[in-house]
Number of protein chains: 2
Amino acid sequence: MSLDIQLPPRERLLQAAVELLANSEGAPVSTRKITELAGVTAPTLYHHFGDKEGLFDAVVAVGFEQYVASEMDLEPTGKPLDDVRRMWDQHVRFGIEKPHLYLVMFGKVRPGNRSNRVSEAEALLRGKLDRAAEAGHLNVPPADAVRSILAANIGVTLMLISEPEKERNFELSDMTRDAVITAVSSEAGIADSATPVGASAVVVAAIALNAALESSNPQQLSNTEMKMFLEWLHRISKTT
Amino acid sequence: MSLDIQLPPRERLLQAAVELLANSEGAPVSTRKITELAGVTAPTLYHHFGDKEGLFDAVVAVGFEQYVASEMDLEPTGKPLDDVRRMWDQHVRFGIEKPHLYLVMFGKVRPGNRSNRVSEAEALLRGKLDRAAEAGHLNVPPADAVRSILAANIGVTLMLISEPEKERNFELSDMTRDAVITAVSSEAGIADSATPVGASAVVVAAIALNAALESSNPQQLSNTEMKMFLEWLHRISKTT
DNA sequence: CTAGCACCTATAGCATTGCTATATGAAGGG
DNA sequence: CCCTTCATATAGCAATGCTATAGGTGCTAG
């Protein structure tokens with residue numbers, strides 16, 4: 001039941017924590033299980049990490065470095081706002097692929113006590129947004145843009161994580177991403193909302209009809225007709 | 001140290017839980033402190049609520065009802081999307097005013113396991129958005145709009161809660177709110193002031209869709225399907 | 001009036017949790 | 001060879017969520 005590979009205990013503890021964190025679906029992981037799997041006793045853990053939270057911080061630091069690295073691997077596109085979009089996507093992907101790590105990083109909110117990881121993620125985003133601002137692509141201060149984008153990004157990721165895997169609809173991410181980024185950017189100002197991207201009069205009308213039908217069922221169509229009608233309506237409502 | 005007011009133990013437990021939850025700044029609240037403050041022993045708690053989580057659920061249910069009530073108190077403005085904006089603001093205000101309750105509701109995310117409160121909040125929003133859709137103010141299906149808005153709303157609220165009270169910048173909320181709502185909305189509503197009095201929303205929407213289809217034929221339906229679809233649309237458009 | 005029954009509460013204690021006071025071992029420098 | 005320093009282990013504490021069991025308490029049936 002212990003990691004036989006003879007590494008220094010510190011590394012074994014980290015490895016054990018990662019493994020248990022990954023396999024226990026969101027359930028709390030005890031220090032005892034960790035030390036047991038690492039083949040080590042309790043004081044060793046506290047000698048090296050001081051705290052359970054210290055150990056988890058170390059684990060998260062590793063994960064966060066991977067996340068940052070995966071972002072740094074990508075070359076800047078030249079359009080800073082496109083970089084921001086890509087960063088958003090990386091963020092979401094990281095959360096989906098390693099939910100346990102992500103939740104340790106961003107999941108436990110405390111009043112008046114912002115977590116380090118949030119600050120670090122903010123700094124990362126800030127870099128890109130400063131460049132966007134220099135290029136005149138922002139219509140709000142970068143500091144404001146960062147907070148808005150990051151808040152939405154975390155909110156979306158948490159929501160996707162909390163959804164059953166099968167039901168996950170990533171359009172949610174794209175939609176919200178473009179919404180907040182467009183809002184802070186001066187490229188396509190907020191004002192042109194009258195002609196939203198990809199929306200056609202047909203889609204708008206189809207959605208409206210669908211909603212209206214749900215609240216009152218007219219008698220002009222039989223049940224089977226209505227069923228088919230609704231399905232087609234649904235298909236029309238789906239853009240792209 | 002105990003609540004002297006002689007209420008039924010169940011109520012005393014609820015009251016004690018609320019009080020401790022409110023005063024302990026985000027720190028975990030133990031069942032022992034709760035039962036002690038309520039002047040009651042452990043089994044009583046488990047008899048009435050089954051679980052610590054059960055007790056907290058009951059507490060949260062009370063808080064949520066207040067939240068819903070505060071929303072219901074407001075009369076609809078007539079513009080569904082304005083109602084949505086107000087709902088967003090109510091959500092944020094609730095989170096700021098009762099962070100402990102809010103965090104119990106929305107703070108503990110588990111992979112693949114959406115919380116009841118999220119679903120309930122979704123249903124609330126959904127009501128308003130359906131009306132917006134009926135009025136032709138949406139350019140995405142209401143279900144998608146709900147998720148995007150709610151995810152951003154929760155994200156923003158969590159971020160505001162996690163910030164030191166002095167630094168809180170509520171512009172973050174307004175900015176993000178308008179961003180996501182604008183993104184899902186088509187202010188060029190099809191059924192705005194031109195809505196004939198007395199005509200049902202279904203008929204209006206059907207006529208609008210018919211008109212929209214005449215100018216652009218979508219690819220989602222085959223020719224035969226489209227033919228039948230148009231005929232049914234026609235039947236629906238005929239007022240009885 | 002009393003026997004029985006359902007409901008509610010208390011006594012006492014279990015297993016697990018994070019963490020630590022203290023002791024033991026090993027490695028290196030004087 | 002001793003002494004310091006670092007790293008690990010023994011054993012156990014206090015707090016946690018929860019429960020097996022038993023004891024009231026009030027209501028209804030006989």
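Everything numeric in this text was worked out from a predicted model, so none of it was measured. In what follows, chains carry the letters A, B, and so on, assigned in the order in which the sequence lines appear, proteins first and then strands, with residues in each chain numbered from 1.
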* Nearest whole angstrom, please: distance from the C1' of D:dC18 to the CD of B:E53. => 14 Å
* Roughly how many Å is it from NE2 in A:H48 to P in D:dT8, rounded to a whole number? -> 4 Å
* To do: Check every strand shown and say whether A:T41 touches a base, only sugar-phosphate, or nothing at a heavy-atom separation below 4.0 Å.
  => base
* Hey, is the side chain of B:Y46 poking within less than 4.0 Å of OP1 or OP2 on D:dC18, counting only N and O atoms? -> yes
* Structure fact -> Atom CG of A:L13 and atom P of C:dG18 are separated, to the nearest Å, by 13 Å
* Just to confirm, is there a sub-4.0 Å distance from OP1 or OP2 of D:dA7 to any side-chain nitrogen or oxygen of A:T44? -> no
* Asked: Between A:F56 and A:K52, is there a cation-pi geometry (under 6.0 Å to ring centre, at most 45° from the normal)?
  -> yes
* Among D:dA20, D:dC13, D:dG17, the one nearest A:R32 by side-chain distance -> D:dC13
* Tell me: NZ of B:K33 to P of D:dC18, nearest whole Å? -> 17 Å
* Take A:T44 and A:R10 through the test side chain to side chain contact (heavy atoms under 4.5 Å, CB included) and record every step on the way to the result. => CA-CA 8 Å; A:T44 311; A:R10 210 194 112 99; over 6 Å; no
* Integer-rounded Å distance: C:dC19 C1' and A:D51 CG -> 9 Å
* Measure the distance from CG on B:L45 to P on D:dT19 and round it to the nearest whole Å. => 11 Å
* **Atom pair distance, as rounded to whole Å: CZ in A:F49 and C1' in D:dA7** => 14 Å
* Asked: Hey, does the side chain of A:S185 reach the backbone of A:T182 with a donor-acceptor pair shorter than 3.5 angstrom?
  -> yes
* **Sugar-phosphate, base or nothing in reach of A:P9, heavy atoms under 4.0 Å** => sugar-phosphate
* Asked: Among the nucleotides C:dT11, C:dC8, C:dC19, which one has an atom lying closest to any side-chain atom of B:P43?
  -> C:dT11
* Structure fact -> Taken to the nearest whole Å, CD/A:E11 to P/D:dT8 is 11 Å
* Indicate, with yes or no, if the rings of B:H91 and B:F106 have centres closer together than 6.0 Å. => yes
* Are any of B:H47's side-chain N or O atoms less than 4.0 Å away from OP1 or OP2 of C:dC8? -> yes
* From D:dT16, C:dC19, D:dC18, pick the nucleotide closest to the side chain of B:S30? -> D:dT16
* To do: Using a strict cut-off of less than 4.0 Å between a Lys/Arg side-chain nitrogen and an Asp/Glu carboxylate oxygen, indicate whether B:R114 and B:E122 qualify as a salt bridge.
  => yes
